[in-house]
Amino acid sequence: MIAVLDFGGQYAHLIADRIRRLRVYAEILPSDTSPRRLQDVEGIVLSGGPASVYDPGAPPFDEEVLELGVPVLGICYGHQLMAYVLGGEVRPGGTREYGVARLQVLEEDEVLRGLGPSETVWMSHGDQVVRVPPGFRVLARTPDCPVAAMGDPERKLYGLQFHPEVTHTPKGMRVLDNFLEVCGARRTWDMERFLEGIEEEIRRKVGGRKVFLLVSGGVDSTVSFVLLTKVLGKDRVYGLFVDNGFLRKGEREQVERTLGTFGRVHTVDASEDFLRAVEGVVDPEEKRRRIGETFVRVMRREADALGLNPEEWVLGQGTIYPDTIESGGTRNSAVIKTHHNRVEAIKRLLEEGRVVEPLSQLYKDEVRRVGERLGLPEDVVWRHPFPGPGLAVRVLCSDGKGFPFPEELSEGVEKVADKFGLEAEVLPIRSVGVQGDFRTYAHPVLISGEADWGTLEEVSTSITNSVEGVNRVVWELTPLKARRPMRATLTRERLDLLREADFRAHEVLRGWGLEREVWQMPVVLVPLGDGGETVVLRPVCSQEAMTAQFAKLPLEAVREMAEAVLSVPGVGAVLYDVTHKPPGTIEWE
Ligand code: XMP
């Protein structure tokens, strides 16, 4: 077993996921786990995190962990921490590096075995190690980072400033694999083993009770439902499908059909409750909070109406690992945004132990593998993810004033775009993003002009890296005539408009056979324009949603999509999101 000590980085769980893909069981533990508890593990990883080793409030850590004789790999913050406590030197602040960097490998030894002299790696840090501790050697550097990798093979201690766990580091898996070799870790983890363990856990948790499960039709809740039904039997699992009014076109019928073949599902139309709850609300976090609470209220009401005795029932949920991380589910991780599965009422049920979440340890790719093993049809297993609050988080609202910005912001942005021969304009709205380990609400920038994907990628990265106050870049597919924010809230009319736009865009995506090329393609309604609304297409490629790249779809398909969306009455303009995650999240709210 490999222990991943969590210092609060967004990627702590990603490290565990990658190690598990290499078939070694990995678990996340708090940063201050005692050395006694760690003495029998095969290896230890110190994760990244948003703190500086000099912060008085930095996550606690027992230095004796480094003296156990167990191999240790420090990543990003973990690398700096290792250097700091063992007598090296860490320089605070200074050059900030976000994104891709060129790694110059000086010693291919041990953890860097199999890498070429120059490799692409992904960096995200402020502080950096400038002198290695006694006994360590510098194994690699980048132009901006003198100690990008260090190691003491004698004590089997290694540190990496870059992130081997993200897909933007192409040889990252090789590096992690090398570390597992150093550890002599046993390759015994697979979904078969997980299923055996989880079946036992489901029986233990549920005991003699029954499960009342909210199903959305998404992969996570569907797999949970089928798994629970398989373990407990059809009579003991009751699926409740809440139509919150934020579903896509035709979705309700499709979900009822699919789930009905596996077990007991009941649908409730609660769209009025939800619409009322978010009436007039503009703030995205408030919207999410109200949707989450309405969810719990509807669920309780339905449970009462069905006469479910709370003593006999537990709540089932399709929560997966990233859901718990992104809400600060692990102790040290920064809050990115409130997840609907983690609203207060649900938290209380969790505390009372009346919740079963069979997939809460798994990543999407693992959930899909479990789904395949359970015999679910391919189109269900490979469905695009869809957020619990549904289209509600894709209908941006505005009080009509928007978010004004200083003149310097426009100037900064124009200057960068000008280098690429493009025009850029800051938009007076905001969307959510994630930069470093923190959430940002910032302005999108509109790029107009002819450009290829490569140029758009460069200009987008340059703008978000160099201009503070911007976290997203969109490309103008059809002219956006007016940049004024319109007063707009979450209404049935706007939802219907988005439903149609979303449907037409996805029809084109399917028609081109591009559905499996993308992880998902949110279609977002933005209250900008002059009468007509603005629609943003946000197709992304991703492996686990923690990081993502905007999809570089064939331009012809994109043009066709834009036309299809523009043909929806009420749509005035179509834009294409050309932002990676980070700095922009996949969803806009
Ligand atoms: P972001 O926008 O954070 O999204 O990059 C990451 C993944 O999570 C989905 N998402 C949600 N899923 N409830 C969910 O069940 C939510 O509140 C929620 N918010 C985002 C998003 O679609 C993407 O796949």
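Read the numbers this way: they start at 1 and go in the same order the structure lists the ligands and their atoms. Computed from a prediction, not measured in an experiment: that's the story for all the values here. Heavy atoms only: backbone and side chains are in, while hydrogens, waters and symmetry mates are out.
In this structure, the ring of His163 has its center less than 6.0 angstrom from the ring center of Tyr11.
Residues Val211 and Leu232 are in side-chain contact: their nearest non-hydrogen atoms beyond the backbone lie under 4.5 Å apart.
Tested against Val565 for a side-chain contact (heavy atoms from CB on, under 4.5 Å), the candidates Val536, Asp502, Val571, Leu477 yield a single pass: Val571.
Contact annotation: for Pro389 versus ligand 1, heavy atoms closer than 4.0 Å belong to the side chain alone.
Annotation: ring-ring contact (aromatic ring centres under 6.0 Å, His included) contacts of Tyr576 (sequence neighbours excluded): Trp453. Residues satisfying the ring-ring contact (aromatic ring centres under 6.0 Å, His included) test with His443, not counting sequence neighbours, are Phe405.
Of all atoms in ligand 1, listed by their number and element, those nearer than 4.0 Å to a heavy atom of Lys581 are 1 (P), 3 (O), 5 (O), 6 (C). Below 4.0 Å from some heavy atom of Trp519 lie the following atoms of ligand 1, by number and element: 24 (O).
In this structure, Met546 falls outside the shell of residues with a heavy atom less than 4.0 angstrom from ligand 1. Proximity of Trp588 to ligand 1 is not established, as no heavy-atom distance is less than 4.0 Å.
Inclusion of Ile586 in the set of residues having an N or O under 3.5 Å from an N or O of ligand 1 is warranted. For Arg288, a nitrogen or oxygen atom sits less than 3.5 Å from a nitrogen or oxygen atom of ligand 1, counting backbone and side chain alike. For ligand 1, the polar-atom distance check against Gly388 finds a nitrogen or oxygen pair separated by under 3.5 Å.
The aromatic rings of Tyr77 and Phe7 sit tilted, their planes meeting at an angle between 30° and 60°.
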